Structure formats: structure tokens, C-alpha cells
Amino acid sequence: MEKRYLKNNTKCIHAGKYIDEKSKAVNTPIYASTAHLIQNNPENAKYPRCFNTITQLAVSEKICALEGGEKGLVLSSGMAAITTALFTFLKQGDHAIFQDGLYGGTQHFINSELENYGIEKEIISSNDPTDYANAVKENTKLIFIESPTNPLLDIIDLRSIAKLASEHNILTIIDNTFATPINQNPLGLGIDIVIHSGTKYLNGHSDVLCGAVVTSEKLMARILPRAMNHGGVLDINACYLLERGLKTLGIRIERQNQNAQVLADYLNKHPKVKMVYYPSLPDHPGHEIAKAQMHGFGGMLSFELACDGKTARKFVDELKIITSAVSLGGVESITCFPAETSHAELTPEQLQSQGISDSLIRLSVGIEDVEDLIMDVESALSIIS
Ligand SMILES: Cc1ncc(COP(=O)(O)O)c(C=O)c1O
């Protein structure tokens, strides 16, 4: 049976697994060793910063299989994955195009670092591929996008971006954290490199910081040496936890998609809610594109209440099951105000121009029973006027 034809839940459990011949353990062992015997064969000379130990390779292969790529790499954080990929392909004198409204840490990185290296950037405040095509210059080397975006769930047409990039011989990189490989496989739509903050859905239990890059063998051959220089490897114990978390990715996402849909519909009809951002809603501007390129709409949604920021905070404080915390993508439902968490590094002007108000609430929907989540939201809404 050809492995690439296996379905997602099977891949989650079996792809990349390594059976230790001596112990016959069904789980990939944690080989807690930074030194490996050479025994006259340089191939044996493994060293974790070279991303080549068994535990690292096993989990990389699983993520790679889920994204439908040729090579995967796990790193110490999502930001390590993003910065390593960008610095692999950008050098002094190059130009790169970025979508506006990316994850706040990515925006902070490109705004504060690229100039120091003589790299030009253009930020596009729209999701219209024509605007990206118009921004292409002779020295443009890559386009970096996110879809759905954090926190406003903007959708960009991946096929169109991939097509225009290949016409101009430009690389495309997507941060696929919000979608997960269960809901969206950008490589199959022509995007060159997929990045994840594995801290979120891939691990799924809010207990590991990690990142991943998946791409072709050819591009990985350029990324790997850079990643080794930067040293942002994932610790072996964290690799094990990530691999364990990934085994349930498919069923977690299925449940999170369902729960988020129920909550989005509930909030969308509620008179105290001004706006819901969730791509399955027919009036979401990216709904048709999301339908055409995603297998599910995901577990993330954002909303604004019809009240001021102070009252919105009262609502969040009143929630009993849904936890107010930074991060997302875990089994537990988590809420936060992006303006003061994920996007805190943005200036007030940037927040305003991107539509991130101080009353915007982001909700990462967990796998709890949805009736309990609705009850929690309903009771918190009932105390605000
Ligand atoms: C969409 C997205 N990309 C990247 C990151 C950065 O990931 P990490 O915190 O694992 O470095 C985050 C973190 O919240 C994120 O939400």
C-alpha cells in the first residue's frame, strides 16, 4: 500500500513511527543522547542540532506526511520556523511581499529586523491576488501569507497566489497554523513552503513550544543548513510530546471544527454580538474561497460584542469554562484580546488599520461538549447590557 494514499487519522498515528528493534516498543523511543557512535560510518554521526536524530526524524516525517510534502523539519518554535525560512531565501537587496494582518510576532519580526539586513518589504493590505501581482518587482524573492489569518480569519486565494508567484519565479510561504494540515494542504494548491507554530494545534495540549516547516526536498536542502546555523532545534523530549499530540490531531480538529461552527452560528444570531469572524459564515468575505481550498473551517473564531472594551472584558471575566489565556489550538477553549496578547507589539495605528479593536475577542474552541460552551457564553452574555 502506497503510504501517501493513507487517510489523515491513519497518518496521524502511523506516519513516521519508528520501531526500536530491541524493545519492540510501539512508541518512538526518546533517545536522550546528544552523542551517537560513529563506528566507521559517518552516517551514524547524529547530533540533535543537525535535526537528524531518530526522535526528530519520526515527528518531522509525520507532519510532512500530513501536509503532503517531501521533507519536514521540526524546530524550537513557530517563530524559529518563520525566521529560519525567511532568512534562508532573503538576502541583502532582495524584496519580499507580506500580507497585512499576519500573526503579531511575524509582523514585529519583519518590521523590526528585515531593514537591518538590507531587505526591502511591501505589506499588502488586501487579500486580492492582483494587488500582490502589482507589488512584484525585479528583486522580489518571496510572498509570505497566512490563511486564515490571526486573529481576523482573513482568507486569501492560495491557488491564485501560487500561480502568480510561479509566473514570476517567486517563492511562496504560508503560515498554516490556524488551518492545520487537516483543514488545508497548501502544498497541493501550489504553495512552496508550509510553516506551523506546532505549539498550537499540532501538539494540541498547550504544553510544548515548537514549530515546523514542510516543503520539497530541493527547498529543504537550502533550509536545513540555515536551520543548523541558527540552532533552533526541537528538544528530544518535546519531539516525543509533539508526536504523541499529533496522533489525535485528526479527531481533535474534527471536533474543534464542529464546535466552532456551533459557536459561530450561536454568536452570529445573538443580539449582543456585533460581528463574528468565521470563514464558514456565508457573509464572510472569504467564504467561497475558503470552501474551495479548505477541508474544514477550523476551530478559531473572533467576535466583537455590541459594547465597549470595558464591558467586553467583563464578559470574558465572567466565563467559567472558557479560559482567558495566551495561545490557542489546545484541547481547552481559550479566549483572549489580541490587541493585548498576540498583537501587543503592534502600534495603536497598526491595530486600528488592521481592524483589531480593544473589544475584539479571539476564541480558540476546544473539544469540550459544545452545549457546555454555549451555556458558558450564554450566561456570561446575560450579565452584560
Ligand atoms: C499564526 C501563528 N504563527 C506563528 C506563531 C508563533 O509561534 P510560536 O509561539 O510557536 O513561536 C503564532 C503564535 O501565536 C501564531 O498564532
Side-chain angles (χ1 to χ4, degrees), residues 59 63 67 72-87 98-113 127 144-156 158 173-184 186 191 193-214 227 230-235 238-239 241-242 245-246 253 256 260 277 279 294 298-302 323-330 332 334-346 354 356 360-365:
V59 69
I63 296 169
E67 278 295 5
L73 204 63
V74 284
L75 297 99
S76 54
S77 68
M79 284 310 296
I82 289 166
T83 56
T84 300
L86 286 174
F87 277 140
F98 296 90
Q99 181 185 9
D100 202 10
L102 299 170
Y103 161 63
T106 311
Q107 292 195 50
H108 186 247
F109 168 72
I110 61 174
N111 289 330
S112 63
E113 300 266 1
N127 297 311
F144 188 106
I145 52 172
E146 221 175 88
S147 189
T149 56
N150 179 1
L152 287 172
L153 287 301
D154 274 8
I155 302 291
I156 190 160
L158 303 189
I173 306 184
I174 185 169
D175 182 334
N176 203 31
T177 300
F178 264 37
T180 81
I182 305 300
N183 284 330
Q184 181 168 273
I191 299 292
I193 300 168
V194 168
I195 281 176
H196 282 278
S197 167
T199 316
K200 313 295 166 10
Y201 288 102
L202 297 189
N203 174 61
H205 293 74
S206 308
D207 56 4
V208 174
L209 187 74
C210 57
V213 179
V214 182
H230 287 198
V233 295
L234 189 61
D235 167 72
C239 284
L241 281 177
L242 173 59
L246 277 163
I253 298 303
Q256 280 162 314
Y277 302 86
M294 298 181 78
M300 295 300 303
L301 59 97
S302 291
T323 319
S324 172
V326 182
S327 204
L328 59 101
E332 62 288 285
I334 283 182
T335 190
C336 76
F337 289 99
E340 61 185 39
T341 55
S342 58
H343 290 66
E345 285 157 323
L346 269 59
Q354 290 176 27
I356 305 173
L360 180 78
I361 299 168
R362 191 186 73 190
L363 177 56
S364 167
V365 183

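Small disclaimer: the values here were computed from a predicted structure and weren't measured. The first residue of the sequence shown is numbered 1, and numbering continues consecutively from there. As the structure lists them, so they are numbered: ligands from 1, and atoms in each ligand from 1.
- For the side-chain contact (heavy atoms from CB on, under 4.5 Å) test, residues two or more places apart in sequence or in another chain that qualify with Ser197 are Thr177, Thr199, Lys200.
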Quick check on ligand 1: any N or O pairs to the protein under 3.5 Å? One line per pair.
| from | atom 1 | to | atom 2 | distance (Å) |
| --- | --- | --- | --- | --- |
| ligand 1 | 3 (N) | Asp175 | OD2 | 2.6 |
| ligand 1 | 7 (O) | Ser197 | OG | 2.9 |
| ligand 1 | 10 (O) | Gly78 | N | 2.9 |
| ligand 1 | 10 (O) | Ser197 | OG | 2.8 |
| ligand 1 | 10 (O) | Thr199 | OG1 | 2.6 |
| ligand 1 | 11 (O) | Gly78 | N | 3.0 |
| ligand 1 | 11 (O) | Met79 | N | 2.9 |
| ligand 1 | 14 (O) | Lys200 | NZ | 2.6 |
| ligand 1 | 16 (O) | Asn150 | ND2 | 3.0 |

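- Between Phe109 and Phe98, the distance separating the two ring centers is not shorter than 6.0 angstrom.
- Ser77 is linked by a side-chain contact (heavy atoms from CB on, under 4.5 Å) to Met79, Ala80, Leu209, counting only residues two or more places apart in sequence or in another chain.
- No option in Thr149, Asp154, Asn127 other than Asn127 meets the side-chain hydrogen bond (donor to acceptor under 3.5 Å, both in side chains) test with Gln99.
- Distance check: Gln256 CD to Ile182 CD1 gives 11.0 Å after rounding to the nearest 0.5 Å.
- In this structure, the side-chain contact (heavy atoms from CB on, under 4.5 Å) partners of Glu345, at least two apart in sequence or on a different chain, are His108.
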